[in-house]
Amino acid sequence: MRIATWNVNSVGARLPRLVPWLEETSPDVVALQETKTATFPVAEVAGLGYEVAHSGDGRWNGVAILSRVGLADVENELAGHPEPRLVSAQCGPLHVHSLYVPNGRALGDPHYDYKLAWFASLSEQLASRHTPDQPLVLMGDLNVALHDEDVWDRSVFDGSTHVTEPERAAVRRLLDWGLVDVEARPGKGDRAFTYWDYRAGMMHKNLGMRIDYVLATASVPVVDAYVDREARKGKGASDHAPVVVDVDL
DNA sequence: ATGTCGGAATTGTTCCGA
């Protein structure tokens, strides 16, 4: 079974890249983030055999799960947080969450506190509804670089979000509950970045960040994991690359 | 590093968010 996560930065704008990518990569389950629409283009992926669970209300945020191995028990609520940033479903043998964690914007910005509160609510809801002995994955854009090596130059991030101890502790709380950080094979150099800013030739210089994750319980046997850098290249690319994971379920 | 995107309203340019 092949699963993947991809922040597409608008599913409408990304359809000319998403559809061929689905055909070539052939994932069974895909978690998408930043769909940026209220109406997911269901018909365009239904032809490839995918059912869709989508939570989106307009120009910002929006998350989806595409599955061709079944889609049941869809939920999209996170207590106290109305923005569409979480959708979960049972996809065949695997329970799947697609997450788009708030960016945080800047230290001292109310959005940073909102980010930490959102993480806390996620941990609480996860623990209240699931147990770590079930096959379950959290996939998505966590907007946190868990280790200093997950950004191209840690010194650039002094005083910035994504690398602070509270943000990293929020991710470790998820891991401590019973999830493994499925680190992808490096695609270039020795680091598996998943995001490169559109500006300043960051992709070309490989100045990226690892902020998109697949977190899996121990009962999800991982066979392989890679970052699809090709999807980040060329005309009409998202600023994030997909993470693709093969599991033996 | 701040060189680009994407969406929408204040439209054929400006703004916000990332």
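Remember, predicted model here, so these are calculated numbers, not experimental data. As a basis for the values below, the full set of heavy atoms in this structure was taken, side chains included, without hydrogen atoms, waters or symmetry mates.
Using a 4.0 Å cut-off, no side-chain N or O of A:Arg14 falls inside it from OP1 or OP2 of B:dC5.
The interatomic distance linking A:Arg85 (CZ) with B:dG17 (P) rounds to 12 Å, in whole Å. Taking atom CE of A:Met209 as the reference point, atom P of B:dA1 lies 14 Å away to the nearest angstrom. What separates CG of A:Asn103 from P of B:dC16 is a distance of 16 Å, to the nearest Å. Atom pair A:Glu34:CD and B:dC16:P shows a separation of 18 Å (rounding to whole Å applied). We find that CZ of A:Arg59 is positioned 12 Å from C1' of B:dT10, with the value rounded to whole Å. Protein atom CG of A:Asp57 is 13 Å distant from nucleotide atom C1' of B:dG7, rounded to whole Å. Here B:dC5 presents its P atom at 13 Å from CE of A:Met203, a figure rounded to the nearest Å. In this structure, A:Arg154 places its CZ atom 14 Å from P of B:dA1, rounding to the nearest Å.
Among the nucleotides B:dA18, B:dG3, B:dG6, the one closest to the side chain of A:His111 is B:dA18. Counting only heavy atoms from C-beta on, A:Ala13 has its side chain closest to B:dG7 among B:dG7, B:dA1, B:dA18. Among the nucleotides B:dA1, B:dT4, B:dA18, the one closest to the side chain of A:Tyr198 is B:dT4. Considering only the side chain of A:Lys36, B:dG7 comes nearest among B:dG7, B:dG3, B:dA18. Of all nucleotides listed (B:dA18, B:dG3, B:dG6), B:dG6 comes nearest to the side chain of A:Trp60.
Remark: the separation of the C1' atoms in B:dT14 and B:dA1 is 25 Å, to the nearest Å. To the nearest whole angstrom, the two C1' atoms, one in B:dT10 and one in B:dC15, are 8 Å apart. Between B:dG6 and B:dT11, the two C1' atoms lie 15 Å apart (nearest whole Å). Atom name C1', nucleotides B:dG7 and B:dG12: the rounded distance is 15 Å, in whole Å.
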Give the table of side-chain donor-acceptor pairs shorter than 3.5 Å for residues 45-66 of chain A, with sequence neighbours excluded, one pair per line with atom names and distance.
unit_1	atom_1	unit_2	atom_2	d
A:Tyr50	OH	A:Pro27	O	2.5
A:His54	NE2	A:Thr35	OG1	2.8
A:Asn61	OD1	A:Arg85	NH2	3.1

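In this structure, A:Tyr100 reaches the sugar-phosphate backbone alone: every heavy-atom distance under 4.0 Å involves primed, P, OP1 or OP2 atoms, never a base.
For the pair A:Pro102 and A:Met202, both in contact range of DNA chain B, the more 5′-proximal nearest nucleotide belongs to A:Met202. Judged by closest nucleotide on DNA chain B, A:Thr35 is the one of A:Thr35 and A:Asn143 placed further toward the 5' end.
Between A:Arg2 and A:Asp224, no side-chain nitrogen of the basic residue sits less than 4.0 Å from a carboxylate oxygen of the acidic one, so the salt-bridge criterion is not met. Ion pairing of A:Asp150 with A:Arg191 is absent here, as no side-chain N (NZ or NE/NH1/NH2) approaches a carboxylate O to less than 4.0 Å.
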*Could you walk me through whether A:Trp196 and A:Asn206 pass the side-chain hydrogen bond (donor to acceptor under 3.5 Å, both in side chains) test, one step at a time?*
CA-CA 7 Å; A:Trp196 300 260; A:Asn206 197 28; 3.1 Å; yes
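A:Glu34 and A:Asn7 share a donor-acceptor pair across their side chains, judged by distance under 3.5 Å alone. Counted by atom type alone, A:Asn9 and A:Ser238 present zero donor-acceptor pairs between their side chains at under 3.5 Å.
Contact annotation: side chain of A:Arg199 to base of B:dG3, donor-acceptor pair absent below 3.5 Å.
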